[in-house]
*Asks:* 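First the structure, which I've put down as structure tokens, then a few questions once you've had a look.
Note on naming: letters A, B, ... go to the chains in the order of the sequence lines (proteins, then strands), and numbering restarts at 1 for each one.
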Amino acid sequence: MNISNILQKWYAANKRNLPWRQTKNPYYIWISEVILQQTRVAQGISYYLNFIKKYPTVKLLANASEKDVLNLWQGLGYYSRARNMLYASKQILEKFNGKIPDNYSQIIEIKGIGKYTASAILSIAYDKPYPVVDGNVLRVLSRLYGYAKPVNINAGYNDIYKIAAKLIDKKNPGNHNQAIMEFGALICSPVPYCENCILKLICVAYKNKIIDKIPVKTKKAKQKIRYFNYFFVQNKNSFYIRKRNFKDIWENMYDFPLIETKKKELLINIINSDKWYEIFQQIKPKKIKYINSIVHILTHQKIKTTFYNVQIEHELIDTNNAYIKITKKEIKNFPFPNLINQFFNTQFFN
DNA sequence: CATTCGTGGCC
DNA sequence: TGGCCAAGAAT
């Protein structure tokens, strides 16, 4: 038995029962693959079920609003995936007659579908022999073959890709690809379960006792620290939000009026300064109150956040038309990043 | 091609 | 606790 056969046999006996494994519908496979990009299976399952329930076809997705799609994606992170999927659904509808292409050159044109997702859809939904190389495959194959150079650069990725291409079962590519990924997720995990591994006798890293040193990765850049001051501006039972319609984190999501500072700074006196008027075009508020401070961690940024409550007695004079006045009941209609969403669950807000 | 895009779980 | 990492893609 070759390696693929061993993995597929293991997979048949040990695979998890996941909702997207009950279909070969290319649309569903596409949705699942995008949701699972850089996302754990446990976190993605409910989003997948909600997504295919609300948008069961390409056409229904293509006719959705971005705000609704982002709302469904809220809390999952990497929101460009949702924006790209909406764009992609229109591409599929118009250029490919509503059908996910079954060939590489066309499917790779679709927004949000890169080398991995193209290969995953083609192999799983259409039985085409394209090898997937994701984080699992990089780990499994680098250990198995004792590949001790960095895998998170192009050269390393290309080396592993060649191995993956040589290894693939051309008669059962979808099953093969899922088997090796599942094996990486459950057995050859970052902290591996070598005692349960069916490949340990032929695993170079295991034989050389360097499992904990492979895969090799180059260092990541240090997190940037940013200081956000969010103003929960309140006018009786209404408050103000705005859409982040500019190039930064959380693009096209909603949040509160924000003042970013370059260092840690308490802006409790801002209503007595000209700065308040410059930003909000608003006469001096009735009162401002510090609420709390939290730290929100992103992959490349650490957001040190302070929330303030500002009570005003007149409407915001919003010459830039930047703010939307809403009540608490309307919150669920708008997609917020989790930093803001968590605020809605605090004692202050309720 | 290195960086940037969230969030949550794990140790 | 801080760092690593998860079915990656766009720029």
*Asks:* Quick check: on DNA chain B, is the nucleotide nearest A:Lys224 upstream (toward 5') of the one nearest A:Val191, or the reverse? Name the residue that is more 5'.
*Replies:* A:Lys224

*Asks:* Roughly how many Å apart are C:dA7 and B:dT3, using the P atom of each and rounding to a whole number?
*Replies:* 24 Å

*Asks:* Identify, with sequence neighbours excluded, every residue that meets side chain to side chain contact (heavy atoms under 4.5 Å, CB included) alongside A:Thr305.
*Replies:* A:Phe228, A:Tyr230, A:Ile294, A:Ile303, A:Phe307, A:Leu339

*Asks:* Can you name the side-chain hydrogen bond (donor to acceptor under 3.5 Å, both in side chains) partners of A:Tyr79, sequence neighbours left out?
*Replies:*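 In terms of side-chain hydrogen bond (donor to acceptor under 3.5 Å, both in side chains), with neighbours along the sequence ignored, A:Tyr79 is linked to no residue.
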
*Asks:* Do you know which two heavy atoms are closest between A:Ile168 and A:Pro173, and how far apart they sit?
*Replies:*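 Smallest interatomic distance, heavy atoms only, reads CD1-CB, 4.0 Å.
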
*Asks:* Can you give me every donor-acceptor pair (side chain of residues 240-249 of chain A, partner residue at least two apart or in another chain, under 3.5 Å) with its distance?
*Replies:*
residue: A:Tyr240; atom: OH; partner: A:Glu315; partner atom: OE1; Å: 3.0
residue: A:Tyr240; atom: OH; partner: A:Leu316; partner atom: N; Å: 3.3
residue: A:Arg242; atom: NE; partner: A:Asp255; partner atom: OD1; Å: 2.5
residue: A:Arg242; atom: NH2; partner: A:Asp255; partner atom: OD1; Å: 3.4
residue: A:Arg242; atom: NH2; partner: A:Asp255; partner atom: OD2; Å: 3.2
residue: A:Arg244; atom: NE; partner: A:Ile249; partner atom: O; Å: 3.1
residue: A:Arg244; atom: NH1; partner: A:Asp255; partner atom: OD2; Å: 2.9
residue: A:Arg244; atom: NH2; partner: A:Asp248; partner atom: OD2; Å: 3.1
residue: A:Arg244; atom: NH2; partner: A:Ile249; partner atom: O; Å: 3.2
residue: A:Lys247; atom: NZ; partner: A:Glu251; partner atom: OE1; Å: 3.3
residue: A:Lys247; atom: NZ; partner: A:Glu251; partner atom: OE2; Å: 3.3
residue: A:Asp248; atom: OD1; partner: A:Arg226; partner atom: NH1; Å: 3.1
residue: A:Asp248; atom: OD2; partner: A:Arg226; partner atom: NH2; Å: 2.9

*Asks:* Are A:Lys115 and A:Tyr161 in a cation-pi contact, defined as NZ or CZ under 6.0 Å from the six-membered ring centre and within 45° of the axis?
*Replies:* yes

*Asks:* What string of B, S and - do you get for nucleotides 6-11 of chain C, 5' to 3', when a contact is any protein heavy atom under 4.0 Å?
*Replies:* BBBSSS

*Asks:* Between A:Thr39 and A:Tyr78, is a side-chain contact (heavy atoms from CB on, under 4.5 Å) present by the stated rule, with each step listed?
*Replies:* CA-CA 9 Å; A:Thr39 303; A:Tyr78 286 152; 5.6 Å; no

*Asks:* Has A:Lys128 got its NZ or CZ under 6.0 Å from the middle of the six-membered ring of A:Tyr104, at an angle within 45 degrees of the ring axis?
*Replies:*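 No, A:Lys128 and A:Tyr104 do not form such a contact.
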
*Asks:* I need the residues from residues 149-173 of chain A with at least one non-hydrogen atom less than 4.0 Å from DNA chain C; give them sorted by number, or say none.
*Replies:* none

*Asks:* Could you name each residue pair satisfying side chain to side chain donor-acceptor pair (under 3.5 Å) that touches residues 206-219 of chain A, not counting sequence neighbours?
*Replies:*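 Checked against side chain to side chain donor-acceptor pair (under 3.5 Å) - neighbours excluded - the pairs reaching residues 206-219 of chain A are A:Asn152-A:Thr218.
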
*Asks:* Indicate, with a heavy-atom threshold strictly under 4.0 Å, whether A:Glu251 touches base, sugar-phosphate, or nothing.
*Replies:*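 No contact.
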
*Asks:* Tell me every residue that passes salt bridge (charged side-chain N to carboxylate O under 4.0 Å, His left out) with A:Asp127, counting only those two or more places apart in sequence or in another chain.
*Replies:*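 With neighbours one apart ignored, the set is A:Lys24.
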
*Asks:* Between residues 337-350 of chain A and DNA chain B, which residues have a heavy-atom gap below 4.0 Å?
*Replies:* A:Pro337, A:Asn338, A:Gln342

*Asks:* Taking the six-membered ring of A:Tyr227, is the NZ or CZ of A:Lys262 close enough (under 6.0 Å from the centre) and on axis enough (within 45°)?
*Replies:* no

*Asks:* Write down the distance separating the P atoms in C:dT11 and B:dG6, rounded off to the nearest Å.
*Replies:*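 Pairwise P distance, C:dT11 against B:dG6, rounds to 14 Å.
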
*Asks:* What residues form a side chain to side chain contact (heavy atoms under 4.5 Å, CB included) with A:Val310, not counting sequence neighbours?
*Replies:*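 A:Val310: side chain to side chain contact (heavy atoms under 4.5 Å, CB included) contacts with A:Phe231, A:Val233, A:Trp276, A:Pro285, A:Ile288, A:Ile312.
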
*Asks:* Looking across every strand, which nucleic acid part, if any, lies under 4.0 Å from A:Ile249 by heavy atom: base, sugar-phosphate, or nothing?
*Replies:*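 Contact class for A:Ile249: sugar-phosphate only.
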
*Asks:* Please, which pairs that meet side chain to side chain donor-acceptor pair (under 3.5 Å) have at least one residue in residues 334-350 of chain A, sequence neighbours excluded?
*Replies:*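 Matches after skipping sequence neighbours: A:Gln74-A:Asn341.
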
*Asks:* For residues 139-154 of chain A, which residue pairs pass the salt bridge (Lys or Arg N to Asp or Glu O under 4.0 Å) check, not counting sequence neighbours?
*Replies:* none

*Asks:* Going 5' to 3' along DNA chain B, which are the first and last nucleotides with any atom under 4.0 Å from a heavy atom of chain A?
*Replies:* B:dC1 to B:dG9

